[in-house]
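Only one structure is covered here, and it is reproduced in the block below.
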Amino acid sequence: MDETKFVKEIASKEEAFSQWYIDVVKKADLADYTPVKGCMVIKPYGYALWENMQQCLDRRIKATGHKNAYFPLFIPESLLKKEAEHVEGFAPEVAWVTHGGNQKLEERLAVRPTSEAIIGSLYSKWIRSWRDLPVLINQWANIVRWEKVTRPFLRTTEFLWQEGHTAHKNQEEAEEETLKILTVYKDYIEQDLAIPVIIGRKSNNEKFAGAMHTYTLEALMGDGKILQAGTSHNLGQNFAKAFDIRFLDENQQEQFAWTTSWGTSTRLVGGIIMVHGDERGLKLPPKVASVQMVIVPIFFDTSKQEVMEKAREYKSLLEKKFKVELDDRDSYTPGWKFNEWEMKGVPVRLEIGPRDLAQNQVVAVRRDKGNKVIISEKEVESTLEKWMADIQNNLFLQARSRLEENIRFTDNYESFKEIMEEKRGFIKAFWCGNEKCEDQIKKDSKATIRCIPLEEHKEKGKCIFCGEESSSLVYFGRAY
RNA sequence: CGGGGCGUAGCGCAGCUUGGUUAGCGCGCUUGGUUCGGGACCAAGAGGUCGGAGGUUCAAAUCCUCUCGCCCCGACCA
């Protein structure tokens, strides 16, 4: 079947990826623009997706011993300024509250761009003894960063995220936490969102403002650009020193705590769109789809009543196990509905018409395959159960082979630039560790070091830019 | 924040160069009817003072100034 034949409303993914992305966001009813620049409204269909994503991740965060809390939106200027690198990193994008009603505030309040400062100041109050540690807290919150260029989900002025903030009694424990979260994120993003990621460490240039070091998960998008899917920071004692988080250890020695922070955001909704979406629109992994299957009844004058009855029967049977929607709207033809639900990315469609009634069957179509399959009534439940798992898996495998095909090694700078220009994706190349090389590579090709693999590479090679010998084989890419 | 493009009905657009009837078209929407297995058809309707403010003019969607927003390309960032 011609992929484009069914799509009237969205731009071509191949020819105009950016426009395609915006079209899918709007036409699949995920989000809309608002009167406030850079701020989108997440519409019910998009928000339901986010809620499912939240649940998947929240479960994992809690399973690893963390508890949720909620900290204030406003951060006093003096607090934000305590960690020098931190404030410098975020200063250009902080929104400030200067007035309460008509009255000018004594001290400006920052609308949180992230919560290390406010949480750090409270941890300093709460932590006295090594017995108080570790503190393992997560919060689901909104964040404001005054971005110059915005795009729905990928970069908005206000966005939703979760941010974990933990404090530990020593460096090893903090490092263990930072890496543990990296694994939690990897499982969530790969298993629930079906997005394969490459994990590693950020270079100094790219790490979080104020962190000792930053771990990251990087995902390949449909246009060859790279999306940072999540980060986990080992803050060392930087923030503990800035916010005075101290405790007495087992040996009655006063120590600064070791803290971490980590986050993932609504940006991942954008990731789902750009990894799985196709010419026909969205394609949702069953685990996070708010509608896992839609039933489209096929009406004819004479049989409408019976068909509707049967459709309702299927709905009540299936909704015990799945998230089911019955599209009984009278004003649209089946074909129209097929297209709409495909655009909205629903994993499975069931068609029920008089023919199916007569033969005790349904017609079923997978969003990831597209062909019609006849399933006998007896086997509907068990088949769909298999399908859900299979679709989830298939989306991941497809994305993974795309990822694998788009990781290229090169030791030639000319071909490096050529690949970045034409194919993009990830390039594996040796890097000497010098920031000057990193900067020049960025100027030449717009590529940045997405991550440095966790396991040290055995063989040595020559830095892609300066040619100096190095054992650091890193991933480059053009980032979102 | 620099360069470019665009704002006219819910969506997509025409009209603007060269100011001048009541601002058009397609889709969508409403009502009624016929339909319904891959974006149905017929008929009758509703809906806009042209992003906003100011200016020029007898007269502005059209010309000028400012401003806001969106998109693309850079710089910056999750």
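Lettering of chains follows the sequences in order, A, B, ..., and the numbering in each one begins at 1.
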(message) If the cut-off is 4.0 Å, is A/Lys148 near the phosphate of B/C73, judged by side-chain N/O to OP1 or OP2?
(response) no
(message) Given the structure, check if the side chain of A/Arg155 and the base of B/C77 hold any donor-acceptor pair shorter than 3.5 Å.
(response) yes
(request) Could you point out which residue of A/Lys202, A/Glu175, A/Lys207, A/Arg201 forms a side-chain hydrogen bond (donor to acceptor under 3.5 Å, both in side chains) with A/His213? (result) A/Glu175
(message) The side chain of A/Lys37 is closest to which nucleotide in this list: B/G38, B/C77, B/C70?
(response) B/C70
(request) Identify whether NZ of Lys or CZ of Arg in A/Arg349 sits under 6.0 Å from the centre of the six-membered ring of A/Trp341 and within 45° of that ring's axis. (result) no
(request) Could you measure between the two P atoms, the one in B/C13 and the one in B/C58, and give it in whole Å? (result) 37 Å
(message) What residues from residues 195-217 of chain A pass a heavy-atom cutoff of under 4.0 Å to RNA chain B?
(response) none
(message) Quick check: A/Phe208 with A/Phe90 (ring centres under 6.0 Å apart)?
(response) yes
(message) On the side chain of A/Glu340, is there an atom forming a donor-acceptor pair with the base of B/G38 - under 3.5 Å, no angle test?
(response) no
(message) Would A/Arg155 pass as a cation-pi partner of A/Tyr480, given that its NZ or CZ must be under 6.0 Å from the six-membered ring centre and within 45 degrees of the axis?
(response) no
(request) Taking all heavy atoms of A/Glu116 and all of A/Ser261, pick out the closest pair and write down the distance. (result) OE2-OG, 2.6 Å
(request) With a 3.5 angstrom cut-off on both distances, give the Watson-Crick or G-U wobble partner of B/U21, or none if there isn't one. (result) none
(message) Taking B/G12 as the reference, what is the distance to B/G28 when you measure between their P atoms (whole Å, please)?
(response) 15 Å
(request) Considering only atom P, compute the distance from B/G10 to B/U49 and round it to an integer number of Å. (result) 9 Å
(request) May I ask which nucleotide in the shown strands pairs with B/G74, Watson-Crick or G-U wobble, both distances under 3.5 Å? (result) B/C1
(message) For A/Glu14, is the CD atom crowded, meaning more than 12 foreign heavy atoms sit under 6.0 Å from it?
(response) no
(request) Look at the side chain of A/Lys446 and decide which nucleotide, out of B/G38, B/G39, B/G74, has an atom nearest to it. (result) B/G74
(request) Would you mind building the protein contact string for nucleotides 32-37 of chain B? One character per nucleotide, 5' to 3', B for base within reach (heavy atoms under 4.0 Å), S for sugar-phosphate only, - for untouched. (result) ---SBB
(message) For A/Phe426, does the six-membered ring have the charged nitrogen or CZ of A/Lys428 within the cation-pi criterion, i.e. under 6.0 angstrom from the centroid and within 45° of the normal?
(response) no
(request) Check whether any side-chain nitrogen or oxygen of A/Arg151 sits under 4.0 Å from OP1 or OP2 of B/C72, and answer yes or no. (result) yes
(message) Side chain of A/Gln19, heavy atoms from C-beta onward: which of B/C77, B/C71, B/C72 has the nearest atom to it?
(response) B/C71
